[in-house]
Colleague: 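I have a structure here, written as C-alpha cells, and I will follow up with some questions on it.
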Amino acid sequence: MWTKIVILASAALMLTAPLPAQAVELVMIERDGCAYCDRWNAEIAPIYPKTPEGAFAPLRRLDVKERPDDIEFASRPVLTPTFVLVDEGRELMRIEGYGGDDLFWSMLSVILRDYTEFDVDAQIETTPDTDHTDATPTQ
C-alpha cells in the first residue's frame, strides 16, 4: 500500500515540477509589416523545427518592441528580422536581416558550430526530415 502511495506521489511531483529551461534557443526579433520577416516565415518557418538546427536551438519569437527580462542582449535589436542565438539567457551571436534560405542556413550553421556544442551528425540521428531544401517555396 505504501509503495503505491510513494509511486503516485513521485509521479505527481514529476508532473508538477517545472521543466528545465532549454539552454540554447534562437530568438527571432520581428515586426508586423516586415517584408523580410514574411519571407523568412514563408521559406524557413515551416521546416525549421524539423531540422537538426531547430531541434538543438528551438525558435522563440519576439516583437521588436518587447524587452524580455530573461534575455541579456549584447545590444538592443533594431533591424528585423534579427536572429539572436541565446544560451541560458545570454546572447552568443546574432544574424541581422534575411538574405534568403541559403544564406540563412549557412550563417546559422557557422554560429551554431562556433558558439555552441552543436553536432550536426548527432542531431541528424535524432531529428527526422532534415533536408533544408523543403524550405524553398514552390512556385
Colleague: If Ile, Leu, Val, Met, Phe, Trp and Tyr residues are connected whenever their side-chain heavy atoms lie under 4.5 Å apart, and connections chain through other members, are L103 and I47 in the same group?
Modeller: yes
Colleague: Mind checking the CD1-CZ spacing from I29 to R94? Nearest 0.5 Å is all I need.
Modeller: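 It is 8.0 Å, given to the nearest 0.5 Å.
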Colleague: Would you call R60 and D70 a side-chain contact if the rule is heavy atoms closer than 4.5 Å?
Modeller: yes
Colleague: With a 4.5 Å cut-off on side-chain heavy atoms, are L62 and I71 touching?
Modeller: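 The answer is yes; the side chains approach within 4.5 Å.
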Colleague: Please report the shortest heavy-atom distance between C37 and T80, naming the atom on each side.
Modeller: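 Looking at all heavy atoms of both residues, the shortest contact is SG-CB, 3.8 Å.
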Colleague: Would you call D101 and R39 a salt bridge, using N to O less than 4.0 angstrom?
Modeller: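 Salt bridge absent between D101 and R39.
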Colleague: Between L108 and L26, is any pair of side-chain heavy atoms under 4.5 Å apart?
Modeller: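 A side-chain contact exists here, since the closest heavy-atom pair is under 4.5 Å.
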Colleague: Starting at CG of D87, measure out to OG1 of T116 and round the result to the nearest 0.5 Å.
Modeller: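 So the CG of D87 and the OG1 of T116 are separated by 8.0 Å.
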Colleague: Under a single-linkage definition using a 4.5 Å side-chain heavy-atom cutoff for Ile, Leu, Val, Met, Phe, Trp and Tyr, are L79 and M28 assigned to the same hydrophobic cluster?
Modeller: no
Colleague: Is there a side-chain contact between P77 and E96, using heavy atoms and a 4.5 Å cut-off?
Modeller: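 Of all side-chain heavy-atom pairs linking E96 with P77, none is under 4.5 Å.
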Colleague: Does F73 CZ have over 12 foreign heavy atoms under 6.0 Å away?
Modeller: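 Yes, CZ of F73 has more than 12 neighbouring heavy atoms, counting only those of other groups under 6.0 Å.
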Colleague: So F83 and W40, would you call those rings parallel, tilted or perpendicular, with 30° and 60° as cut-offs?
Modeller: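 Plane angle between 30° and 60°, so tilted.
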Colleague: Is there a side-chain contact between W105 and I44, using heavy atoms and a 4.5 Å cut-off?
Modeller: yes
Colleague: What I'd like to find out is whether the side chain of E91 reaches to under 4.5 Å of the side chain of E72, using heavy atoms alone.
Modeller: no
Colleague: Can you tell me how far CD of E66 sits from CZ of R31, rounded to the nearest 0.5 angstrom?
Modeller: 12.5 Å
Colleague: With a 3.5 Å cut-off and no angle check, do the side chains of E43 and Y98 form a donor-acceptor pair?
Modeller: yes
Colleague: Is it the case that atom CG in D32 sees more than 12 heavy atoms from other parts of the structure closer than 6.0 Å?
Modeller: no
Colleague: Minimum heavy-atom separation for M93 and Y115, please, with both atom names.
Modeller: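 Heavy-atom minimum between the residues: CE-OH, 2.8 Å.
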Colleague: Can you find a pair of side-chain heavy atoms, one from R113 and one from I111, that are under 4.5 Å apart?
Modeller: no
Colleague: With the side chain counted from C-beta on, respond yes when V86 and V24 share a heavy-atom pair under 4.5 Å apart, and no when they do not.
Modeller: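 Of all side-chain heavy-atom pairs linking V24 with V86, none is under 4.5 Å.
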Colleague: Which heavy atom in Y36 sits nearest to a heavy atom in P81, and how many Å separate them?
Modeller: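 It is CB-CD, 3.6 Å.
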Colleague: Could you grab the distance from atom CG of L112 to atom CD of E117, nearest 0.5 Å is fine?
Modeller: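 With rounding to 0.5 Å, CG (L112) is 11.5 Å from CD (E117).
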Colleague: Working note: N41 + R61, criterion side chain to side chain contact (heavy atoms under 4.5 Å, CB included); need CA distance, chi angles, decisive distance, verdict.
Modeller: CA-CA 11 Å; N41 284 323; R61 294 170 175 269; 2.7 Å; yes
